[in-house]
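Working notes for the structure below.
Labels below follow one simple rule: chain letters A, B, ... track the order of the sequence lines, proteins then strands, and each chain is numbered from 1.
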Amino acid sequence: MKRTNYCGLFSERDVGKRTTACGWVETKRDMGGVIFIDLVDREGVLQIVFNPAYTSPEAFALAERVRNQSTLMVEGEMFLRDEETVNTKIDTGTVELRVTHAVLLSACGDLPFNPAEADDVREDLRLKYRYLDLRRKRLRDNIRFRHRVTSSIRRFMDDEGFIDVETPILTKSTPEGARDYLVPSRIHPGSFYALPQSPQLFKQLLMVSGFDRYYQIARCFRDEDLRADRQPEFTQLDLEMSFVEMEDVLTLLENLLRHVMLDVKGIRYADPFPRFTWAEAMDRYGSDKPDLRFDLPIVDITDLKAVSEFSVFSKVVEAGGVVRAITLPGQYDLTRSTINELTDFAISEGAGGMAWIAWRPSGEIYSILTKYIEEQNLLELLRRVGAEPGDFVLFSADKLDIVRRVTGALRLRLGDMLGLRDPDKFAFAIVTDFPMFEYNEEEDRYTAQHHPFTMPFEEDFDYLLTDPLRVRSQAYDFVLNGTELGSGSIRIHRSDIQTRVFQALGLSDQEIGERFGFIINAFKYGAPPHGGFAFGLDRLVMILAGEQSLRDVIAFPKIRDASCPMTDAPSTVDEVQLDELSICLADAIRPERDRAITKENKRRAELNIKRLAEESRLQISQKDEAGMQDSLLELISFADALHEVDTDGVEPTYSPSESHDVWLTERDDRALTAEDALANAPESRQQFFFVPPVVE
RNA sequence: GGCGCAGUAGUUCAGACGGUUAGAAUGCCAGCCUGUCAAGCUGGAGGUCGAGGGUUCGAGUCCCUUCUGCGUCGCCA
């Protein structure tokens, strides 16, 4: 079975040639005497024509009854189309294959939905039939685009001397970070592997081993709740470099992203990627992942005279808070309801309220603030925030972290409102100097903001145990369009510093030893200074492909409850498997599992032995009835179990008897002696199987 | 776990104030049709209005409970 070419790749060069094409029936146009079929494969569409003038009667009959999404192989001659029948919408629109012979390779049954026009179909249905869903051009294009991104990355990493090394999927659970996916060990009852949240420790150990430059397109697992941009298993480009400083890693990453953007999007970036320290990003954009597709900067006005004149502001300042503003150029005429919506939104983000100024083009300042603030001070304020007549200015005053959150959220909301978040624009940003720790109120301890292997700034070493919140780390993020693409850091390569960081996180010496002993140990045998990065490949592809959900760039994604509608994973397993793993389920989830048993009980009720007995003209006692019921149920469940058995690829069995079975065409020609045949008989006499008498 | 949106034919959707037999498009089945390209025309089948309860003479529509999907917050070093 050979095709001449992909459907979508035929051209006028093939005209006049004997041609074979294979593909899926996308649409059929049956004119009665002539039938057109759009045959598609991954490369595109080809029109094939059935006409009794040149098509065999069998092939024509096939074309009449074939249904959409069936697979066909057709043979015929390629013709140039008449000028008026050319279809400019498809690449092969100037030619058509006139079919002489056709084979139905596989018929398509009733479709749950038509993949040719499935863009609006319910997502859960699409995911249940993901193989059909993936026939859609849009998804196919996404998956192929993803492949282009990964190959571009691999080419770059290769050229830069990085070595692709695989790291374990079955590994050790570590207490920091996200919830682990656990895998029970059969050989070590009660012990568990964890699936890696990232190859973090292994890549650091590869640096200790001297590989110098490592990368991997690695699957990572985190057992946390899903979002449109978050899957429980996802893919990272993971890399690590030795004998480097932060600048080296940032330069490499920037070059990588430039390379990829040019490769897959044809976009060349003239300027260096904008860089901010964490504090700058938080102050100017109210976020550690600023969306730089638009400006709308946040401006601090805490020190202005105008602020001290308005008591709502001045009280905040006296309490150590800040006052900040965002200017919307040309938006002086926002409606009252829009302003109210923005105010409600600010309040929902934690603000107490939202003051604002509409500076009319006439120069009139329209605002409640004019009642409290002298005009000259108000003008100074407007100058500070860069406003001009015709602009709208809004304010947030509160504690620093609240103002950052509120202004950051407002800025994005305003960006959406004004249509500034252009999906065709790709704005990168680099954020550095993250705080080393943050305080976790729930656990009443500090946790690492990046991860505990991040090197603090040397000048902050002394605060590690005295004032952890003051410690900055040599960590950095790459941000694209307001989404965190990934993060990295220079790592700790000295065991003494690593130990102090663990102590700052509140880990006891014993915990440190048990959980991380191997890496602290490794650093005792000569470790290079090293640093690296990991970025979310799925997210990068999603943004570049212009999709809103990771599910549209992953071939077989999970849904919101982390399950897979197609395979029904995760699923319960039988007792035998659990026993082997020394696992017993909590009482609380038993009822769920006992559904199978309920089914059994239902069957018991349906099984009317008395009636069976009457129909068989048998008289049975009550005791026999119960026994019979049990035996029958046992038989039924045995049949069920047999039904479940996967017999694909199992050797057929043979009967030694001479009798013919019309269904069983295979024959076993081995000669069988009587001894062989009776080998398992409980009792045999003179080559006969002895059967004890049943009826006296 | 909280909040929001959605659930009506295989699919995508409409369904006023609660009122006859719940509609459309598409798909499916049958018939017609030799140049279509989202082919067209004629006819037909197809519904537990997510499920359960309530109010009512009467519920797709109102009320309560519940299930499912999506989004969002918590969570995600």
Partner nucleotide of G60(B) by Watson-Crick or wobble geometry (both distances under 3.5 Å): none
Nucleotide opposite G18(B) in a Watson-Crick or G-U pair, distances under 3.5 Å: none
Measuring only the P atom in each nucleotide, how far is U61(B) from C32(B)? A whole number of Å is fine. 45 Å
State which of U36(B), U34(B), G69(B) makes the closest approach to the side chain of D561(A). G69(B)
Please list residues of residues 476-493 of chain A whose heavy atoms come under 4.0 Å from any atom in RNA chain B, ordered by number; otherwise none. none
Let's test this: given Watson-Crick or G-U wobble pairing with both distances under 3.5 Å, identify the partner of C75(B). none
Is the ring centre of F502(A) less than 6.0 Å from the ring centre of F516(A)? yes
With RNA chain B as reference, determine whether K558(A) or V34(A) sits nearer its 5' end, using the nearest nucleotide of each. V34(A)
Just to verify, what does E233(A) make a salt bridge (Lys or Arg N to Asp or Glu O under 4.0 Å) with, not counting sequence neighbours? R219(A), K558(A)
Who passes side-chain contact (heavy atoms from CB on, under 4.5 Å) against D416(A), sequence neighbours left out? R421(A)
Can you tell me how far C1' in C17(B) sits from the matching atom in G58(B), rounded to whole Å? 15 Å
On a whole-Å scale, what distance lies between the C1' atoms belonging to A22(B) and G46(B)? 14 Å
Qualifying residues under side-chain hydrogen bond (donor to acceptor under 3.5 Å, both in side chains), relative to S563(A), sequence neighbours excluded: D561(A)
If you restrict it to nitrogen or oxygen atoms, what contacts under 3.5 Å exist between nucleotides 29-31 of chain B and the protein, and what is each distance?
from, atom 1, to, atom 2, distance (Å)
C29(B), OP1, R67(A), NH1, 3.2

Report all interatomic pairs (protein N or O, nucleotide N or O of nucleotides 41-48 of chain B) with separations under 3.5 Å.
none

Spell out yes or no: do the side chain of Q548(A) and the base of G71(B) have one donor N/O and one acceptor N/O closer than 3.5 Å? no
side-chain hydrogen bond (donor to acceptor under 3.5 Å, both in side chains) partners of R140(A), counting only residues at least two apart: none
Opposite nucleotide pairing with C41(B), Watson-Crick or G-U, both atom distances under 3.5 Å: G31(B)
What's the verdict on salt bridge (charged side-chain N to carboxylate O under 4.0 Å, His left out) for R227(A) and D229(A), showing C-alpha distance, side-chain angles and the deciding distance? CA-CA 5 Å; R227(A) 287 284 188 283; D229(A) 64 351; over 6 Å; no
Tell me which residues in residues 226-235 of chain A put a heavy atom below 4.0 Å from RNA chain B, sorted by number, or none. R227(A), A228(A), R230(A)
Under a 3.5 Å limit for both distances, which nucleotide forms a Watson-Crick or G-U wobble pair with C70(B), could you say? G4(B)
For residues T100(A) and E75(A), is any side-chain donor paired with an opposing acceptor at under 3.5 Å? no
How would you list, by chain and number, every residue that makes a side-chain contact (heavy atoms from CB on, under 4.5 Å) with A346(A), sequence neighbours excluded? A351(A), M354(A), V406(A), L410(A)
With D288(A) via salt bridge (Lys or Arg N to Asp or Glu O under 4.0 Å) - residues at least two apart: none
Pairing partner (Watson-Crick or G-U wobble, both distances under 3.5 angstrom) of U11(B): A25(B)
Q69(A) vs R135(A), test: side chain to side chain donor-acceptor pair (under 3.5 Å). Steps then yes/no. CA-CA 10 Å; Q69(A) 298 300 325; R135(A) 282 186 199 166; 2.9 Å; yes
What about the rings of F60(A) and F50(A), do their centers lie closer together than 6.0 Å? no
Determine the interatomic distance between C1' on C41(B) and the same-named atom on G47(B); round to the nearest Å. 27 Å
Base, sugar-phosphate or nothing for E96(A)? Non-hydrogen atoms, less than 4.0 Å. base
Would you mind telling me which of G74(B), C70(B), C37(B) lies closest to the side-chain atoms of D225(A)? G74(B)
For the residue pair N87(A) and Q47(A), confirm or rule out a side-chain donor-acceptor distance under 3.5 Å. no
Which protein N or O atoms sit under 3.5 Å from an N or O of nucleotides 7-15 of chain B?
from, atom 1, to, atom 2, distance (Å)
G10(B), O2', P112(A), O, 2.9
U12(B), OP1, R122(A), N, 2.6

For E514(A), what residues pass the side-chain contact (heavy atoms from CB on, under 4.5 Å) criterion, not counting sequence neighbours? Q510(A)
